[in-house]
Amino acid sequence: MPPIDRAHLKSLMEREQKRFITEHPKSNALFDRARKSLLGGVPMNWMAKWAGAFPPFVREAQGAEFFDVDGHRYIDLCLGDTGAMTGHSTSATVSAINQQAQRGITLMLPSEDSIIVGEELQKRFGLPYWQFALTATDANRFSIRLARHITQRPKILVFNWCYHGTVDETFITLTDGVAQARRGNVGPPVDPTVTTRVIEFNDVDALDEALRTEDVACVLMEPALTNVGIVLPEPGYHQALREITRKYGTLLIIDETHTICAGPGGYTRTDNLEPDMLVFGKPIAGGVPGAAYGVSEEVAQCVSDRISLEDCDTGGIGGTLAGNALSLAAMRATLQKVLTQEAFDRMIPMAQRWTECVAKAIADFALPWNVTRLGCRAEYLFSSATPKNGTEAHDAMDFELERFMHLYAMNRGILLTPFHNMALMSPATSKEDIDQHTKVFREAAKELVG
Ligand SMILES: Cc1ncc(COP(=O)(O)O)c(C=O)c1O
């Protein structure tokens with residue numbers, strides 16, 4: 001197929017933008033009002049980046065759908081970028097929240113739920129000891145601090161075009177093989193090239209080279225990249241990575257926040273990984289803020305040897321509301337009753353169907369795109385080759401085309417995960433939802449090539 005005609009794409013986008021504005025008068029009015037009290041008219045900076053002229057304001061959400069203030073229904077394939085992978089407001093989590101909210105929300109003291117959640121996480125991920133935070137970002141930050149403290153090494157290592165939340169050390173990318181602060185890095189406290197080494201995913205030699213100097217405390221990684229499209233590990237990669245990290249005494253932190261899509265114990269369980277530390281946030285409490293990080297027996301021993309009781313509250317690992325009773329009650333219900341094996345048995349076939357239908361449409365319209373799936377998460381990318389590292393995945397991104405696909409879908413009642421082309425399945429996502437997405441995707445493809 002010849003490259004997408006940009007003039008044609010621009011005119012399609014203008015048509016879609018007009019339609020969006022005409023069909024969302026109430027959201028438009030709320031956005032006008034929001035601009036008078038919220039910076040940029042949105043509660044969080046990235047909400048300004050949705051493909052419409054303004055974001056649709058939400059009236060209510062339930063299961064795999066939500067309604068905006070203008071009365072439009074959406075099939076939600078974004079699911080709060082995994083925060084609502086459970087489906088919105090599932091009854092088990094909501095009832096636990098309701099009950100706990102009436103019995104105390106935050107106390108600075110433990111509840112029995114914390115133990116039940118710790119035991120559940122032990123069973124799922126295989127790591128013996130757990131701590132809680134309010135966000136996956138914080139859980140990553142705390143894990144990095146522990147790794148530095150234990151190893152007494154200054155640096156960390158991440159992968160090109162990774163994302164682990166707003167962790168300062170991770171805002172680093174490679175340009176022509178040279179590490180530099182990631183584009184758009186706002187007010188960095190320190191140049192990330194001082195704190196961090198960055199290499200390509202799936203490159204075993206680069207990892208060996210980067211760790212050889214034995215000054216790297218930890219590797220922080222998603223077992224498959226999920227924030228620049230999906231980049232899967234090549235066969236044998238994880239085994240080689242673990243051997244190299246062990247050889248050089250570097251701790252391995254696996255961030256399962258998104259790759260939990262692989263199954264109830266994340267990619268760690270499906271592929272028998274052996275991390276020293278593991279982070280899991282976003283959907284762990286069904287959308288209530290909460291995150292957890294687990295450590296191995298050896299790490300736990302080093303932590304207790306190196307952190308004194310007198311200093312344990314001021315060492316940079318904290319959060320007054322972390323481990324609060326409400327998020328732990330929500331975690332308990334979510335882990336025990338919602339994100340179960342049975343739920344994954346429903347979600348994964350939905351993602352398979354989504355992937356097969358998108359792949360067929362790509363082939364039928366001869367688009368130079370590809371689609372990749374990991375468990376109940378799938379994503380299409382604007383290149384015909386499947387990427388094997390962050391650079392290849394990032395090179396396949398096309399901001400203009402991506403915005404068109406998102407707006408086209410949004411105008412027809414489908415919400416994709418913004419800033420890339422990802423679809424996530426919840427236990428409530430149905431075959432009909434997938435088939436509706438296929439229909440809309442095919443119509444968009446037809447218009448693009450026509
Ligand atoms: C893999 C991964 N880890 C951590 C985070 C940070 O999560 P939060 O923004 O909830 O702190 C994200 C956010 O997208 C993520 O994708």
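All ligand and atom numbering here is 1-based and tracks the order in the structure. Reckoned from all heavy atoms, side chains included, excluding hydrogens, waters and symmetry mates.
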Peer 1: Looking at residues at least two apart in the chain, or sitting in another chain, which of them share a side-chain hydrogen bond (donor to acceptor under 3.5 Å, both in side chains) with Asp68?
Peer 2: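 With neighbours one apart ignored, the set is His24, Tyr74.
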Peer 1: Taking NZ, NE, NH1 and NH2 as the nitrogens, is one of them in Arg332 or Glu119 under 4.0 Å from a carboxylate oxygen of the other?
Peer 2: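 No.
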Peer 1: Can you list, by chain and residue number, every protein residue with a non-hydrogen atom closer than 4.0 Å to ligand 1?
Peer 2: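 These residues qualify: Thr135, Ala136, Thr137, Asn140, Tyr163, His164, Gly165, Glu222, Asn227, Asp255, Thr257, His258, Lys282.
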Peer 1: Going by the rule salt bridge (Lys or Arg N to Asp or Glu O under 4.0 Å), which residues pair with Glu243 if we only count those two or more places apart in sequence or in a different chain?
Peer 2: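 Glu243 satisfies salt bridge (Lys or Arg N to Asp or Glu O under 4.0 Å) with no residue once adjacent residues are dropped.
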Peer 1: Any salt bridge linking Glu256 with Arg124? Criterion: basic side-chain nitrogen under 4.0 Å from a carboxylate oxygen.
Peer 2: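 Salt bridge absent between Glu256 and Arg124.
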Peer 1: Donor-acceptor check, side chain of Thr340 to backbone of Lys337, threshold 3.5 angstrom: yes or no?
Peer 2: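 No, because the side chain of Thr340 does not come within donor-acceptor range (under 3.5 Å) of the backbone of Lys337.
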Peer 1: So, using side-chain contact (heavy atoms from CB on, under 4.5 Å) as the criterion, who are the partners of Ser111 when residues are at least two apart?
Peer 2: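 Only Asp113, Leu328 meet the side-chain contact (heavy atoms from CB on, under 4.5 Å) criterion with Ser111.
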